Amino acid sequence: LRGANRAFIEQHLPHLLELLRGSLDEALAEADTVIVTKRWPGLEDLARRLQSHQRVVDLVGGGDELEALGSERYAGIGW
């Protein structure tokens, strides 16, 4: 974050910077639920990176690998 965006965050959402992580692996290590809001290169590998207790809410249609997690761990909505 830089410039006006950073200033806005620091003024109105100062706790947000504490919640951000430097990598996907760092974020996944602390997550119970993963919400997929955008397709990105490597999305197809997400299912393999998840721990057995983690659930996925998929808002973009992330693919067969995510759907294969089953209804207990995967919810695809809005697509």
Side-chain angles (χ1 to χ4, degrees):
L1 294 171
R2 292 179 270 174
N5 290 334
R6 184 176 185 103
F8 179 86
I9 295 294
E10 289 174 345
Q11 182 176 358
H12 298 285
L13 303 167
H15 64 285
L16 181 62
L17 295 176
E18 296 172 17
L19 299 174
L20 297 176
R21 298 295 176 256
S23 71
L24 177 59
D25 289 329
E26 287 179 47
L28 289 176
E30 300 178 28
D32 292 321
T33 302
V34 177
I35 302 173
V36 179
T37 62
K38 183 178 179 179
R39 294 175 201 255
W40 76 89
L43 177 58
E44 62 278 353
D45 294 327
L46 178 60
R48 288 185 286 255
R49 297 169 87 170
L50 296 173
Q51 298 175 33
S52 62
H53 72 280
Q54 292 174 309
R55 300 173 51 98
V56 174
V57 177
D58 179 5
L59 303 179
V60 298
D64 294 339
E65 293 86 358
L66 291 176
E67 290 183 45
L69 293 170
S71 62
E72 292 295 316
R73 295 183 58 209
Y74 175 82
I77 56 175
W79 46 271

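All of these numbers come straight from a predicted model, not from anything done at the bench.
Note on residues 4-41: pairs passing ring-ring contact (aromatic ring centres under 6.0 Å, His included), not counting sequence neighbours, are F8-H12.
Residues R49 and D25 are in side-chain contact: their nearest non-hydrogen atoms beyond the backbone lie under 4.5 Å apart. Two residues are said to be in side-chain contact when any heavy atoms from C-beta on lie closer than 4.5 Å; L66 and D64 fail this criterion.
Atoms CD and CG, from Q54 and D32 in turn, are 7.0 Å apart once rounded to the nearest 0.5 Å. The CG atom of L20 lies 11.0 Å from the CD atom of E26; values are rounded to the nearest 0.5 Å. Taken to the nearest 0.5 Å, the CD atom of E65 stands 8.0 Å off from the CG atom of D45. We find the OG1-NE2 distance between T33 and H53 to be 8.5 Å, quoted to the nearest 0.5 Å.
Taking Ile, Leu, Val, Met, Phe, Trp and Tyr as hydrophobic and joining them when side-chain heavy atoms fall under 4.5 Å apart, one finds I35 in a cluster with V57, L59, I77.
Counting heavy atoms of neighbouring residues, nucleotides and ligands inside a 6.0 Å radius, atom CD of E72 does not exceed 12 of them.
Just one residue in the list D58, L46, L50 forms a side chain to side chain contact (heavy atoms under 4.5 Å, CB included) with L69, and that residue is L50.
In this structure, the side chain of R39 engages the main chain of G61 through a donor-acceptor pair within 3.5 Å.
A continuous path of ILVMFWY side-chain contacts below 4.5 Å connects L17 to L13, so both sit in one hydrophobic cluster.
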